[in-house]
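All residue numbers refer to positions in the sequence shown, counting from 1.
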Amino acid sequence: ATLIVTPPAILNQWQREISRHTKDSATGKPLKVVVYRGIRDLCRPDASSPHEDFHLVHPRNLGDADVILVTFQALMSDLGHSSDNPFAGFSTMKGSRLRSRKRYRVLPSPLTSIKWWRVC
């Protein structure tokens, strides 16, 4: 999959332009484009029902897309949900923590589990 980080103001334009100007070379169909809003938006605690795009939380579902569009804000928020983040409350090399461990389970970001072909 290809990850494109774009400003929020032109996110929908990217989606339209990709669908208008690209096709899969094998099938001739338009590329599968997914707009990923971020783990925080997909898992809001105040929502009465799961978000319609909640299936994107699983990396396999998100990785099936040809192109994934994400805003810089959503990307940075998701990186805070990564176990690779040294500031997320996990142990450092000295054994001390930079912050106290979270009191609730943090859902990891699917973005860090995907092998990206290209990041733009």
Worksheet item: Is there side-chain contact between I18 and L69, with at least one heavy-atom pair below 4.5 Å?
Response: yes
Worksheet item: Which pair of heavy atoms, one from Q15 and one from V33, lies closest together, and at what distance?
Response: CG-CG1, 4.1 Å
Fill in: Contact list for residues 5-22, test salt bridge (Lys or Arg N to Asp or Glu O under 4.0 Å), sequence neighbours left out
E17-R20
Fill in: Gap between atom OG of S19 and atom NZ of K23 - 0.5 Å precision
10.5 Å
Worksheet entry | From CA spacing to verdict: side chain to side chain contact (heavy atoms under 4.5 Å, CB included), R37, L11 | CA-CA 10 Å; R37 306 270 179 209; L11 184 81; 3.2 Å; yes
Item to complete: Apply side chain to side chain contact (heavy atoms under 4.5 Å, CB included) to the pair L111 and L79, showing each step before the final yes or no.
Response: CA-CA 8 Å; L111 296 177; L79 291 179; 5.9 Å; no
Worksheet item: Are any side-chain N or O atoms of D78 and backbone N or O atoms of G38, one a donor and one an acceptor, separated by less than 3.5 Å?
Response: no
Discussion item. Suppose we screen for side-chain hydrogen bond (donor to acceptor under 3.5 Å, both in side chains). Which residues come up paired with W116, at least two apart in sequence or across chains?
Written reply: none
Response to the item:
Rounded to the nearest 0.5 angstrom, the CD1-CD1 distance for I114 and I68 is 4.5 Å
Worksheet item: Is there a side-chain contact between I39 and P110, using heavy atoms and a 4.5 Å cut-off?
Response: yes
Discussion item. Please check: side-chain N/O of S77 versus main-chain N/O of Q73, any donor-acceptor pairing under 3.5 Å?
Written reply: no
Worksheet item: Of all residues at least two apart in sequence or in a different chain, which pass the side-chain hydrogen bond (donor to acceptor under 3.5 Å, both in side chains) check with T71?
Response: none
Practice prompt. Please round to the nearest 0.5 Å and tell me the distance separating atom CG of L75 and atom CD1 of I4.
Written response: 13.0 Å
